[in-house]
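Notes to accompany the following structure.
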2 protein chains.
Amino acid sequence: MATGPVSPRAPQALDGEGQGRQPTAAGQAHARLKAMILDNLLPPGAQLLEGELALRLGLSRTPVREAMVRLEQEGLVAITPRHGMRVLPIAAADMREIYEVLTSLEPMAAELLARRPEPAAGLGRLEQACGAMEQALAAQDRPAWAEADEAFHLGLAELCGNRRLAGMVMQVWEQSHRARLFTLHQRPLPARSTAEHRRVLEAIAAGEPERAHALYRRHRRRSGAELISLIERSGVAWL
Amino acid sequence: MATGPVSPRAPQALDGEGQGRQPTAAGQAHARLKAMILDNLLPPGAQLLEGELALRLGLSRTPVREAMVRLEQEGLVAITPRHGMRVLPIAAADMREIYEVLTSLEPMAAELLARRPEPAAGLGRLEQACGAMEQALAAQDRPAWAEADEAFHLGLAELCGNRRLAGMVMQVWEQSHRARLFTLHQRPLPARSTAEHRRVLEAIAAGEPERAHALYRRHRRRSGAELISLIERSGVAWL
DNA sequence: GAATTCGTTTGCGTATGCATTGTTGGCAGT
DNA sequence: ACTGCCAACAATGCATACGCAAACGAATTC
């Protein structure tokens, strides 16, 4: 069920706006620019002027400017006074930061989920994602695996009941989107990660918060270290 | 050394802009509005229109609007289409979320700090904060204690070397600023918290990441639970 | 030949006007 | 008296205009 060769899923689903769509020009500009950045249509390092973007999006500078401010606060671009906005590249150091944050937050999400009164309820989404990962692994379909991986991680963050935590996970997830795409075709087939996801899910369903926390933490530490050394060894300074 | 009865410190120091500030009107509007919110000059629930704020700040609507967007993304206000911005109240549920996030992130910061090559170096700021806390505790000076507590936590986040983690800690710290101020005069003197901070600092200086992590986590879990039950028992629905 | 200075251009920060949309209050009908 | 509809108003989202400041280039001088 891989959607495409490069873009594993519609990036719109990444933002926190859910379903409540507003046709406001600023919101559209924000969504479109974010999608362009995540899809690598605006490559990292690209410098884009307000007026240029306004022309490209068929809007005036005002809503574009508001979108730029939002993107800057999301950590996707930097606004420098006379040079417009610059799409921020992701270096190995950034990936280290991001994985440290995820290593903190995601085990907490798993723990919270396992601590609910009915831990096994409402995990259908994660079950499905886990199954899709295993299936994609068997089929050696990396894009499909990445899509399922994303569904698992974002689903976990959203289900844990802590909106702030979910927002933070989504934010760094988006920031690292391009880097994950880059490493996707370089790393060995993620058999181990797939199995670890399954075991975390089992611990959650069994209502064992401490075990879910510990398992997830170990998974994140290992996979993060793996990914970072992969980026460092690949020799690219940034993505 | 308490600065004032209610506002323990200048809220400007809370934002992540450091020193390099430009006198742009939008930036000033953002800083001033944030300060007003954190100082409770704009009480939670307050509805403020663009034009009204522009008049109050002596600016036009455009920079005020940009400031509002930034504040919304920082989780301090909500913008509702025809009612201007509303200062978000903090409920017990929000404090639970915030303390869960801090329980994840801050132990990681301590761990990272303890993992550096020279763990004991550069801790002067934390030493100082810890000393100020002990001194304030002995003098039963709660505002001074709160100020030192803030210096310790934000100092730790900034020193850990992970800018994203530091930004997230600061963000939820700002969100919970008013609630902490509210509980400050209700809770018993934080003797236990003071001692726990000292022990965390010792573990960091000794270069024991795992112990620093565990100690900090336990501290956060306990003090968070204490604070939340205090808010819940106080009967106020929101702050 | 190189450096410095001045002028021009371009991008941006801010202000303001306009059109759209939502809300509220009043009036009428039941 | 209550409810529903309509109209007027107000706030906002967006476009555009204006002035300033910085950067680039060219020319002149040392």
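Naming convention: chains lettered A, B, ... in sequence-line order (proteins, then strands); numbering from 1 in each chain.
- For Ser60(A), the side-chain atoms get nearest to dT16(D) when compared with the rest of dT14(C), dT16(D), dT12(D).
- Straight-line distance from the CG atom of Leu49(B) to the P atom of dG13(D): 11 Å, rounded to whole Å.
- Panel note: side chain Glu106(A), backbone Ala157(A); no donor-acceptor pair is recorded below 3.5 Å.
- For Arg32(A) (side chain) and Ala29(A) (main-chain N/O), no donor-acceptor pair under 3.5 Å exists by modelled atom type.
- A donor-acceptor contact shorter than 3.5 Å links the side chain of Asp94(A) to the backbone of Ala91(A).
- The CD-C1' distance, from Glu52(A) to dT10(C), rounds to 13 Å in whole Å.
- When rounded to the nearest whole Å, the span between NE2 of His83(A) and C1' of dG13(C) equals 16 Å.
- For the pair Leu59(A) CG and dA15(D) C1', the interatomic distance rounds to 10 Å; values are reported in whole Å.
- Summarising the geometry, the separation between CE on Met85(B) and C1' on dT12(D) is reported as 15 Å, rounded to the nearest angstrom.
- Look at CD1 on Ile79(B): it is 17 Å from P on dG22(C), rounded to the nearest Å.
- Between Arg82(B) and Glu66(A), it is Arg82(B) whose nearest contact on DNA chain D lies nearer the 5' terminus.
- Nearest to the side-chain atoms of Thr62(A) among the listed nucleotides dT14(C), dA11(D), dA15(D) stands dA15(D).
- Atom-to-atom, CG of Leu55(B) to P of dT12(D) comes out at 13 Å; the value is rounded to the nearest Å.
- Arg164(A) and Gln175(B) are linked by a side-chain donor-acceptor pair at a separation below 3.5 angstrom, with hydrogens and angles left out of the test.
- A close approach under 4.0 Å does occur between a side-chain nitrogen or oxygen of Arg65(A) and OP1 or OP2 of dG13(C).
- Distance alone, capped at 3.5 Å, is enough to place a donor-acceptor pair between the Arg142(B) side chain and the Leu184(B) backbone.
- Residue whose closest nucleotide on DNA chain C sits further toward the 5' end, between Met68(A) and Arg61(B): Met68(A).
- Between the CZ atom of Arg86(A) and the P atom of dG11(C) there is a distance of 18 Å, rounded to whole Å.
- The side chain of Glu50(B) sits closest to dT12(D) out of dC12(C), dT14(C), dT12(D).
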